[in-house]
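No experiment lies behind these values; they were computed from the predicted model shown. Naming: A, B, ... by sequence-line order, numbering from 1 per chain.
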Amino acid sequence: MAFIEAVMQYGFLQKALLTSVMVGIICGVIGCFIILRGMALMGDAISHAVLPGVAISYMLGVNFFFGAVISGVITALAIGFVSQNSRIKHDTSIGIMFTAAFASGILIITMLKSSTDLYHILFGNVLAVRTSDMWITFGISLVVIAAVYLFYKELLVTSFDETMGAAYGLPVRFIHYFLMTLLTMVTVASLQTVGIILVVAMLITPAAAAYLLTERLWVMIFLAAGIGVVSSIVGLYFSFTYNLASGATIVIAATAIFVLVFLFSPKHGLIWKGLKVKKKRASLV
Amino acid sequence: MMKDPAISIQDLYVSYYGNEAVKGVSLSVNTGNLVGIIGPNGAGKSTFLKAMLNLIPKDKGDVKVMGRTIKEVRKNIAYVPQRNDIDWDFPITVLDAVLIGTYPHLKLFRRPKKKDKEWAIECLQRVGMEEFSKRQIGELSGGQQQRVFLARALAQKADLFFLDEPFVGVDVSSEETIVKILKELCRQGKTVIVVHHDLSKANDYFNQLILLNKELISFGTVEEVFKPEVIAKAYKGQFAFMNEIGVSL
């Protein structure tokens, strides 16, 4: 109750709430495609890879959005280049490139001598969201949702059966990098709420929970977005009430939902599956 | 004027990191044929199929489909991948998987309409899978899954069909259904190319065969290709072993 009153009263909390709700939605939406394409590690990589871009933007005094998108996309291209032009496997290439980008980011920030900024970028500080950040998140959300809505067919085909898509003439490589760009934008939007280190959790945990609940992609997308929103609100509540790091509380809330779904999902949950097996075995005695 | 062949391939070469997988294959297939690609394991059958469709890079060679480049006729091509290339846990129902077959003819930003759905159901009926339309694809048996993917190919209203090992892990009755439909397609003047693993029924299923062992060993009607001395050329490794144990051809 005190939380609701506080939301009514404090502008900073309203901004925090709105921003984290938007982040919950877009992370859930993009996360569905990330996990269905088996790219969870790629999500982690891109989120870390925005760091040098953010740092350089700070240095130049421009909005960190631009730097982050550029360094995220360059890293995605570099990962693709290394794995396509050598015997190195994709996950290894991801590991090399994102840690390199992340390390350069840390070096740049340390040289700028601003360790507080580093802490906030890494772990998020949703209660310090500025109005301009909120609008950037709003803009990114619009772009991401519009892109997924408009290109739903193409995203579905290339996630399900990429070869078929290529066979009938879809530019599958381009679609991959397009999705990487969306992923980078989502990461940037999430910097303030959950921070670089934990973005991957917001991408994959709600989507994974949704994956256990349905057999239809569009339902999965809505469920993932919903779970993302609930996690954000619950996380923000605990963060505000007990003065805890917002990124951590939001991620733990998402994990709690995942555990519940993992146990109790009607079709794929551990408990029901176990009960069904037991029943079946009992009927055979 | 002579009609352009359905597919003509000139001097096709493909390699993986310098190891040649397909060497200098040239052939042309006329419209209305049901063609099997056969050959021993590792003969480059799937590679040949994918290179033909420009799905993997080729080192050399020219492929024309109905006298035009692949790029110009993509929407007229239906491709059915190997079953183990598909994630069968993907959140998609049987009907939605078949509906994907209507996507190539839908404009950007357009969704499938009611008539597309009806068409998808019709295609499912042709393969005898309409009662499973609401199932998730992973709940089906191997043969049923393959029939659903054939229905998806039918939904594409293509003139050329390419199937990569459609009979692997498929039950006998599904195999019969699939062969029956492929033969029907050829009678309607479509061209069907199938990578086939198993020699045993190749002579019943196809009217032309491409016998491949990296190089083109033989291409022609089933009668021309399905001769012991021709087959032996492609399978020499395996047959040497058979000679040793006293089987002669």
**Request:** Using heavy atoms and a sub-4.5 Å threshold, report which of residues 98-109 of chain B line up against chain A, by residue number.
**Result:** B:Ile100, B:Gly101, B:Tyr103, B:Pro104, B:Leu106, B:Lys107, B:Leu108, B:Phe109

**Request:** Look up atom CD1 in B:Ile86 and atom CD in A:Glu162, then write down how far apart they are to the nearest 0.5 Å.
**Result:** 11.0 Å

**Message:** Just so I know, are the side chains of B:Arg135 and A:Glu215 near enough to count as touching, which here means a heavy-atom distance under 4.5 Å?
**Reply:** no

**Message:** So, applying side-chain contact (heavy atoms from CB on, under 4.5 Å) with A:Thr163, which one of B:Val80, B:Leu55, B:Leu53 is it?
**Reply:** B:Leu55

**Message:** So if I take each residue of residues 137-156 of chain A and look for any heavy atom under 4.5 Å from a heavy atom in chain B, which residues do I end up with?
**Reply:** A:Tyr149, A:Leu150, A:Phe151, A:Tyr152, A:Lys153, A:Glu154, A:Leu156

**Request:** Heavy-atom distances under 4.5 Å only: say whether B:Asp89 touches chain A with side chain, backbone, both or neither.
**Result:** both

**chain A contact via B:Phe149 - side chain, backbone, both or neither, heavy atoms under 4.5 Å** = side chain

**Asked** Do A:Leu36 and B:Pro91 come close enough that some side-chain heavy atom pair is under 4.5 Å?
**Response** yes

**Message:** Take a 6.0 Å sphere around NZ of A:Lys267 and say whether it holds more than 12 heavy atoms from other residues, nucleotides or ligands.
**Reply:** yes

**Message:** Does A:Arg281, at its CZ atom, have more than 12 non-hydrogen atoms belonging to other residues, nucleotides or ligands within less than 6.0 Å?
**Reply:** no

**Item:** Sub-4.5 Å side-chain heavy-atom contact between A:Arg216 and B:Gln136
**Value:** no

**Item:** Whether over 12 other heavy atoms sit under 6.0 Å from B:Trp88 CH2
**Value:** yes

**Request:** May I ask you to test the B:Ile137-A:Phe160 pair for a side-chain heavy-atom distance under 4.5 Å?
**Result:** yes

**More than 12 heavy atoms from other groups under 6.0 Å of CZ on A:Phe222** = no

**Message:** Is B:Gln82 close to chain A through its backbone or its side chain, or both, or neither, when contacts mean heavy atoms under 4.5 Å?
**Reply:** neither

**Fill in**
Taking a cut-off of under 4.5 angstrom between non-hydrogen atoms, the residues of residues 198-208 of chain A near chain B are none

**Item:** Contacts with chain B made by residues 167-179 of chain A (heavy-atom distance under 4.5 Å), listed by residue number
**Value:** A:Ala167, A:Tyr168, A:Gly169

**Request:** Check whether any side-chain heavy atom of A:Asp161 lies under 4.5 Å from a side-chain heavy atom of B:Phe90, and answer yes or no.
**Result:** no

